[in-house]
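If you scroll down you'll find the structure; I have some questions about it.
In what follows, every heavy atom counts, from backbone to side chain, and hydrogens, waters and symmetry copies are set aside. Labels below follow one simple rule: chain letters A, B, ... track the order of the sequence lines, proteins then strands, and each chain is numbered from 1.
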2 protein chains.
Amino acid sequence: MHTIKELLANSTLKTTPQRLVILKEIEKRGHASIEEIYENVKILFPTISLATIYKNINALQEENIITPVCSPKKSRYEITKEPHAHFICKECDKIEDIIFDENIDKIIETKYPNSQKELYIYGVCKECQKG
Amino acid sequence: MHTIKELLANSTLKTTPQRLVILKEIEKRGHASIEEIYENVKILFPTISLATIYKNINALQEENIITPVCSPKKSRYEITKEPHAHFICKECDKIEDIIFDENIDKIIETKYPNSQKELYIYGVCKECQKG
DNA sequence: TTCTGTGCAAATCTTTTGCATGGCA
DNA sequence: TGCCATGCAAAAGATTTGCACAGAA
């Protein structure tokens, strides 16, 4: 486990207040979209520009500090962590982290060895099934 | 199994030459992006407009005739079929359909019952691992 | 004949780029 | 101090909208 400051210090990127605030926002929300990051970072950092958000999102992805979580509706980003699975609701676009079942892990590892894998399950969440 | 014509006939959408050609292109490629569809449909249908492609992609998704396949790089679409899994290469963005392992199916069904599920495995394909 | 679909143009939204200035190491 | 990062403005790219005409049912 690393702190956000350590993640930056161990990368080729410089530690700037903007980057710290962007990463804290992603960490706090679990999964954050560009607009969510921009709107919330602007509260603490009114002068920040959208271009800075985009540049940093790209740089942080290249350093593997954050990982895109893609849904059909909008892309979001999370702090890169151990392999885990996502459940994404097709209706409300909610993302839940789920335990990466070790049996599934074994099955996939057999077929796709040495693959840096991520598992996504797209479905309809319980709340939306009720509606 | 349904033909493309039947898919349209059973929907609320009218059957037009443009829609048939768009769907045939998606079927032929397995997974097609907006630009791929546009570039190839234009050969048969030089007057087609990008707006028509977008409007139809949205309409066909609402009718559940096509399903988005999302990758971190670009969105693509496929004809809606029985649940199956995708392997998407993080490097070259290639998409492979893979058999939906019945053991994985059972594990997911236990945790997410009655969920219209899709399985995605993001990793690095064999070709890109060599490089 | 009716009403949806098409195609064009314009509008809007999203993301990237260039450049002068500011700030971390 | 040197070089990378920021922020602005503009450019480029992607997607949506409005409207008149064409075409499926």
**Item:** Short side-chain N/O contact from B/Asn56 to OP1 or OP2 of C/dT6, under 4.0 Å
**Value:**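 Answer yes for this pair, as a side-chain N or O of B/Asn56 is under 4.0 Å from OP1 or OP2.
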**Message:** Both A/Glu35 and B/Phe45 contact DNA chain C. Taking the nearest nucleotide for each, which residue is further toward the 5' end?
**Reply:**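 This one resolves to B/Phe45.
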**Request:** Evaluate the ring planes of A/Phe87 and B/Tyr112, with Trp represented by its six-membered ring, and classify them as parallel (under 30°), tilted (30 to 60°) or perpendicular (over 60°).
**Result:**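 Answer is parallel, since the angle falls under 30°.
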**Message:** Taking donor-acceptor contacts at under 3.5 Å, does the side chain of B/Lys55 reach the base of D/dG18?
**Reply:**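 In this structure, the two groups form a donor-acceptor pair.
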**Asked** Tell me: CD1 of B/Ile57 to C1' of D/dA14, nearest whole Å?
**Response**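 Roughly 14 Å, once rounded to whole Å.
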**Prompt:** Below 4.0 angstrom, N of the basic side chain to O of the carboxylate: do B/Glu39 and B/Lys42 qualify?
**Reply:**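 Yes, B/Glu39 and B/Lys42 are salt-bridged.
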**Item:** Distance in angstrom units between B/Leu50 CG and D/dG13 P, rounded
**Value:**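 One finds 13 Å between P of D/dG13 and CG of B/Leu50, rounded.
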**Asked** With a non-hydrogen cut-off below 4.0 angstrom, is B/Thr47 in contact with a base, only sugar-phosphate, or nothing?
**Response**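 It contacts sugar-phosphate atoms only.
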**Request:** Can you see which heavy atom on B/Ser75 is nearest to which on B/Cys70, and at what distance?
**Result:**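 Nearest pair, atom of B/Ser75 first, then B/Cys70: OG-CB, 4.5 Å.
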**Prompt:** Nearest to the side chain of A/Ala51 - D/dC8, D/dT15, C/dT15?
**Reply:**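 Of all the options, the side chain of A/Ala51 is nearest to D/dC8.
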**Prompt:** To the nearest Å, how far apart are A/Glu62 CD and D/dA5 C1'?
**Reply:**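 Distance, rounded to whole Å: 15 Å.
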**Prompt:** OH of B/Tyr54 versus P of D/dA14: gap in Å, rounded?
**Reply:**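 Whole-Å distance recorded here is 7 Å.
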**Item:** SB check B/Arg76 B/Glu36 (cutoff 4.0 Å)
**Value:**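 No salt bridge links B/Arg76 with B/Glu36.
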**Request:** Using atom CD1 of B/Ile34 as one end and atom C1' of D/dG13 as the other, report the distance to the nearest whole Å.
**Result:**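 B/Ile34 atom CD1 is separated from D/dG13 atom C1' by 13 Å.
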**Lys/Arg N to Asp/Glu carboxylate O, A/Glu25 vs A/Lys28, below 4.0 Å** =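 So A/Glu25 pairs with A/Lys28 through a salt bridge.
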**Request:** Scan residues 8-22 of chain A against DNA chain C and write down, sorted by residue number, each residue with any heavy atom closer than 4.0 Å; if none is found, say none.
**Result:**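 Under 4.0 Å from DNA chain C: A/Lys14, A/Thr15, A/Pro17.
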**Asked** If you look at every heavy atom in B/Ile66 and B/Leu23, which pair is closest and at what distance?
**Response**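 Where B/Ile66 meets B/Leu23 most closely, the heavy atoms are CG2-CD2, 3.7 Å.
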**Request:** Grab the CD-C1' distance between B/Glu36 and D/dA14 for me, whole Å please.
**Result:**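 It is 16 Å, rounded to the nearest whole Å.
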**Message:** If you compare all heavy atoms of A/Lys74 against all heavy atoms of A/Ser33, which two are closest, and at what distance to 0.1 Å?
**Reply:**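 Where A/Lys74 meets A/Ser33 most closely, the heavy atoms are CD-CB, 3.6 Å.
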**Prompt:** How close or far is atom C1' of C/dT15 from atom CG of A/Asn58, stated in whole angstroms?
**Reply:**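 Distance check: A/Asn58 CG to C/dT15 C1' gives 9 Å.
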**Message:** I need the CD1-P distance between A/Ile53 and C/dT15, as an integer number of Å.
**Reply:**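 For the pair A/Ile53 CD1 and C/dT15 P, the rounded distance is 12 Å.
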